[in-house]
Amino acid sequence: MNKIVRLLVLVLVLVTLTVSLAACGRAERFYFHEVFGTFLELDVQGSGRKDFADSVYDGFKADEALISADIASSDIGRINAAAAGETVRCSEITMNLLSVCEKVYLATDGAYDPTVYPLVMLWGFAAGDFVAGGNYAPPTEESIVQALSLVGFDRVFDIDYESGTVTKLVEGAALDLGGVAKGYEVQKTVDGGGDRKFLINFGGNIGANSARYTVGISAPRAEMSTLAYIGTFVLESGETVTTSGDYERYFEYGGKRYFHIIDPATGYPADGGLLSATVVTLGGATDGATADALATAMMIVGEERAVQLAEIFGVGCVLVRSDMTVAVHLGDREYTPAM
Amino acid sequence: MKKSDGNAVRRSLATLFRKGDIIVLALLVVAVVLSVVAVTGGDDGNFALVHIDGELKYSLPLDRDASVDILDGAMTIVVEDGRVFVSRSECPEQLCVHGAPLTAAGGMTVCLPNKVIIKIDSGEVDAIS
């Protein structure tokens with residue numbers, strides 16, 4: 001064989017090897033774990049993928065032990081079990097998340113309130129309690145009124161950021177950071193991702209790092225559409241996206257849908273005229289934890305105020321109205337409706 | 001004109017390659033094509049990847065109808081007309097049974113109690129929020 005043929009053979013052998021190796025790695029891109037009562041998906045590229053995915057999971061487990069309301073020994077578990085007047089010393093992450101909660105609580109006039117937890121439990125929507133498609137009825141008016149007396153971020157707890165302590169002021173009050181924790185963890189992972197290319201999907205809170213990904217927005221009425229999503233956009237590196245909706249944890253009673261986002265002002269499920277609210281941290285102007293809380297608040301405050309909130313916080317939003325029309329506020333970012 | 005050009009090309013090729021070389025090259029080209037096909041999954045075929053407890057257990061082609069019992073029959077995954085869904089699950093939450101069916105466009109069905117995740121490989125979207 002002469003030189004040219006040898007070169008050709010070499011090139012073709014290399015191409016075959018490379019492509020075959022890529023084929024072997026194809027299915028090994030996705031890593032799944034369960035943590036915080038939801039799934040953690042990592043779609044990772046580059047070498048050491050599994051080690052990276054494992055280290056992210058380990059970090060989440062460590063944080064879960066500090067902030068999950070379902071873990072009795074966590075900061076939140078101890079706060080919720082405390083009697084009125086009792087002071088609980090908390091870890092840094094808990095205090096950080098409480099300050100995010102407070103910021104969004106104030107900006108939304110209390111629409112986002114982590115102390116709404118007693119009402120969420122009363123309605124049967126707390127994690128682990130709820131069965132999709134199960135037979136449920138709304139709680140009684142009296143029990144709702146009673147639970148409402150335990151709600152109010154500015155009055156049922158005293159939070160001292162300097163000493164890192166939380167004191168319960170109203171007996172029976174309880175906290176749940178589930179509305180900010182997922183967004184916080186996704187943001188933390190993206191911030192610490194360096195130049196590794198990956199997508200993180202933590203219970204529908206999605207983040208992109210060192211690569212751009214096409215993200216779909218869930219179809220809130222799956223039975224009415226052929227696709228699982230109503231539209232797509234590109235999530236750029238460093239950005240996160242989160243969606244709140246009425247279509248996962250809900251029950252129907254007397255022809256009406258009751259879902260898991262409880263309005264702290266009424267004690268009843270949100271009634272903002274929206275089926276879902278998606279918040280995107282365009283250009284990373286706001287953090288994922290704030291975006292997570294904003295999505296919940298938007299379901300409660302409705303379209304007009306939601307758009308104002310998006311402007312105030314510099315985030316993009318996509319709102320699906322009750323009539324299935326879509327309000328897109330993503331700035332210059334292209335949104336492609338699904339066919 | 002054309003004919004003599006063709007002869008010239010053939011002559012120069014003959015000086016470059018011998019018969020054996022051509023056979024080796026042809027085999028390699030076939031290998032390249034086969035490995036590319038293996039990667040892209042052939043005729044735009046998409047798969048539903050079934051992960052159980054974090055491990056990839058099944059790759060179900062969307063273009064082949066199937067009913068797959070997993071976890072000793074505790075859960076049934078159905079592929080029908082290019083759609084994948086959980087038809088039955090012995091789990092407390094039942095969110096997986098009530099979720100939207102998956103198509104080649106992408107998406108994911110999660111059953112936390114059973115530790116089962118079904119994800120469309122290389123769909124139009126990388127994730128759904």
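So you know, we letter chains A, B, ... as the sequences are listed, proteins then strands, and number each from 1. Because the structure is a prediction, the values reported are computed rather than measured.
Proximity to chain B among residues 239-246 of chain A is limited to V241(A), T242(A), T243(A), judged by heavy-atom separations below 4.5 angstrom. At a heavy-atom separation below 4.5 angstrom, chain A is approached by A105(B), G106(B), M108(B), V110(B), L112(B), K115(B), I117(B), K119(B) within residues 104-119 of chain B.
Nearest heavy-atom pair across R83(B) and P101(B) is NH1-CG, 3.7 Å. The minimum heavy-atom distance linking T232(A) with G216(A) is given by the pair CG2-CA, 4.0 Å.
Here the straight-line distance linking atom CG of D54(A) with atom CG of L42(A) works out to 9.5 Å at 0.5 Å rounding. In this structure, N205(A) CG and L40(A) CG are separated by 11.0 Å, a value rounded to the nearest 0.5 Å.
Between F251(A) and F125(A), the distance from one ring center to the other falls under 6.0 angstrom. Between Y258(A) and Y136(A), the ring center distance fails the sub-6.0 Å criterion. In this structure, Y57(A) has its ring center no closer than 6.0 Å to that of Y31(A).
Using a 4.5 Å cut-off between heavy atoms, E55(B) makes no contact with chain A at all. Using a 4.5 Å cut-off between heavy atoms, S218(A) contacts chain B through both its backbone and its side chain.
Side-chain atoms of E236(A) and R333(A), non-hydrogen and from C-beta on, do get closer than 4.5 Å to each other. Side-chain contact check for M324(A) versus P220(A): some heavy-atom pair is nearer than 4.5 Å.
Scored by the ring-ring contact (aromatic ring centres under 6.0 Å, His included) test, Y229(A) finds no partners at all (sequence neighbours excluded).
Among the candidates F130(A), Y247(A), F32(A), the residue making the largest number of heavy-atom pairs closer than 4.5 Å to chain B is F32(A).
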Side-chain polar contacts of residues 66-80 of chain B - donor-acceptor pairs under 3.5 angstrom, sequence neighbours left out - could you list them?
unit_1	atom_1	unit_2	atom_2	d
D69(B)	OD1	T76(B)	OG1	2.7
T76(B)	OG1	R88(B)	NE	3.2
T76(B)	OG1	R88(B)	NH2	3.3

